[in-house]
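For reference, the structure discussed in these notes is given below.
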There are 2 protein chains.
Amino acid sequence: MKRNSRLSLALHTLGHMAVNPRKMRTSAEIAEHAGTNPVVVRRVLGKLRQAGLLISEKGHAGGWQLAREPQEITLADIYLALDESLIATGRTEEPSRCSVEHALHQKVASVMADIEKSLIERLASTTIAEVGGAESGHL
Amino acid sequence: MKRNSRLSLALHTLGHMAVNPRKMRTSAEIAEHAGTNPVVVRRVLGKLRQAGLLISEKGHAGGWQLAREPQEITLADIYLALDESLIATGRTEEPSRCSVEHALHQKVASVMADIEKSLIERLASTTIAEVGGAESGHL
DNA sequence: CATCACGAAACTTAAATAGTTACGAGAATA
DNA sequence: TATTCTCGTAACTATTTAAGTTTCGTGATG
């Protein structure tokens with residue numbers, strides 16, 4: 001797999017779930033379809049479960065399922081659940097006693113914050129039902 | 001140094017150059033101020049030279065200087081010169097024979113492209129003269 | 001011609017992420 | 001009850017990317 005594949009994996013998986021919301025899927029099935037490992041799947045989907053987007057169950061009939069209707073889950077929900085900004089802001093930690101650096105950081109951080117907000121708004125306008133639903137006889 | 005420090009380094013350096021555009025700076029000086037290595041500085045500033053933002057000269061009085069007036073260099077110029085998108089789009093290469101994945105990728109890529117365009121517009125509205133110029137008696 | 005600075009290649013180090021192995025806990029089924 | 005299936009999690013390895021470092025060549029200045 002490649003970099004930043006967590007969001008891809010999450011979107012892809014929930015897209016399929018939207019097509020067939022009642023089906024219980026195991027992490028092994030999901031992993032095979034996505035070309036990765038069951039543990040990786042559980043790691044990623046675990047965050048979505050924490051965010052209330054998914055439900056997981058153990059045991060024989062266990063697996064993963066949407067926690068609510070596909071029309072009620074947007075791409076922004078998934079993006080936010082993973083809690084990893086796609087907007088790389090250059091890791092801001094130090095107090096930066098250099099005034100030029102400080103001014104720049106203020107400016108760039110402000111732009112980045114706006115951009116991220118805008119990104120989330122854009123993602124919020126699409127639900128997984130729309131993305132997965134283009135096709136209905138799949139998986 | 002941290003990750004994605006190239007843009008920070010570039011912005012920081014050109015911010016200072018904007019304050020004092022006639023001064024010739026060596027990569028050693030710049031590196032010390034930025035807390036990094038001269039070779040790293042040359043690597044980053046080299047891309048800005050390729051983009052026509054900086055001029056470098058060898059020899060005794062050599063070093064780095066702005067290629068044009070600070071009012072004529074925007075943050076977008078620097079961002080674009082480095083040619084590294086801050087918008088991580090999850091590396092799209094495979095044809096993706098899965099229709100759900102394809103639909104998702106289309107959607108996300110389209111949003112990301114818009115966002116990046118918007119980011120560049122925002123950065124283009126600020127010049128390094130504005131950022132560095134808040135202060136004049138520095139370096 | 002000695003020195004200073006960039007240019008670039010090659011290598012090492014460090015950090016982040018994906019992949020893997022392993023094992024415990026809980027739930028369904030025989 | 002015992003078995004089996006699945007998630008949950010920890011620990012480890014492998015891979016990738018970027019930064020840092022060393023080194024040497026080139027050109028310009030004094």
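One can find a donor-acceptor pair under 3.5 Å joining the base of dG19(C) and the side-chain atoms of Arg43(A).
Listed nucleotides dG26(C), dA9(C), dG19(C) differ in distance to Val39(B); the shortest reach to its side chain belongs to dA9(C). In the set dA18(D), dT20(C), dT6(D), the nucleotide with an atom closest to the side chain of Val40(A) is dT20(C). Set against dT21(D), dG7(C), dC7(D), the side chain of Arg42(B) has dG7(C) as its closest nucleotide.
For Ser5(B) and dA18(D), the shortest distance from a side-chain N or O to OP1 or OP2 is not below 4.0 Å. One finds a side-chain N or O of Ser56(A) lying less than 4.0 angstrom from the OP1 or OP2 phosphate oxygen of dG8(D). The side chain of Arg49(A) contributes no N or O atom lying less than 4.0 Å from OP1 or OP2 of dC7(D). Remark: Thr26(B) is not in phosphate contact with dA5(C), judged by side-chain N or O atoms under 4.0 Å from OP1 or OP2. The shortest distance between the side-chain N/O atoms of Arg25(B) and the OP1/OP2 oxygens of dA5(C) is not below 4.0 Å.
Of the residues in residues 60-67 of chain A, those with a non-hydrogen atom less than 4.0 angstrom from any atom of DNA chain C are His60(A).
Taking atom CD1 on Ile30(A) and atom P on dG8(D), their separation rounds to 11 Å, with Å as the unit. Atom C1' of nucleotide dT3(C) and atom CD of Glu57(B) are separated by 17 Å, given to the nearest angstrom. Whole-Å rounding puts the Asn37(B) CG to dG7(C) P distance at 15 Å. Atom CG of Leu45(A) and atom P of dC7(D) are 9 Å apart (whole Å). Atom CD1 of Ile55(B) and atom C1' of dC6(C) are 14 Å apart (whole Å). When the C1' atom of dG8(D) is taken as reference, atom NZ of Lys47(A) falls 15 Å away, rounded to whole Å. When the P atom of dT26(D) is taken as reference, atom NZ of Lys58(B) falls 9 Å away, rounded to whole Å. Residue Leu48(A) contributes atom CG, which lies 14 Å from atom P of dC7(D) at whole-angstrom precision.
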Which donor-acceptor pairs under 3.5 Å do the side chains of residues 46-62 of chain A make with protein atoms, sequence neighbours left out?
unit_1, atom_1, unit_2, atom_2, d
Lys47(A), NZ, Leu82(A), O, 3.4
Arg49(A), NE, Ser56(A), OG, 3.2

Distance-only donor-acceptor pairs under 3.5 Å for side chains of residues 72-79 of chain B, two or more places apart:
unit_1, atom_1, unit_2, atom_2, d
Thr74(B), OG1, Ala76(B), N, 3.2
Thr74(B), OG1, Asp77(B), N, 3.1
Thr74(B), OG1, Asp77(B), OD2, 3.3
Asp77(B), OD2, Arg68(B), NH2, 3.4
Asp77(B), OD2, Thr74(B), N, 2.8
Tyr79(B), OH, Leu86(B), N, 3.1
Tyr79(B), OH, Glu116(B), OE2, 2.4

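Within the structure, salt bridge (Lys or Arg N to Asp or Glu O under 4.0 Å) contacts touching residues 78-87 of chain B (residues at least two apart or in different chains) are Arg6(B)-Glu84(B).
Arg122(B) is linked by a salt bridge (charged side-chain N to carboxylate O under 4.0 Å, His left out) to Asp114(A), counting only residues two or more places apart in sequence or in another chain. Under the salt bridge (charged side-chain N to carboxylate O under 4.0 Å, His left out) criterion, Glu69(B) pairs with Arg22(B), sequence neighbours left out.
Residues Val44(A) and Leu80(A) fall within the same hydrophobic cluster, defined by Ile, Leu, Val, Met, Phe, Trp and Tyr side chains chained together at heavy-atom separations under 4.5 Å.
Under a 3.5 Å cut-off, the side chain of Glu130(B) and the backbone N or O of Thr127(B) do form a donor-acceptor pair.
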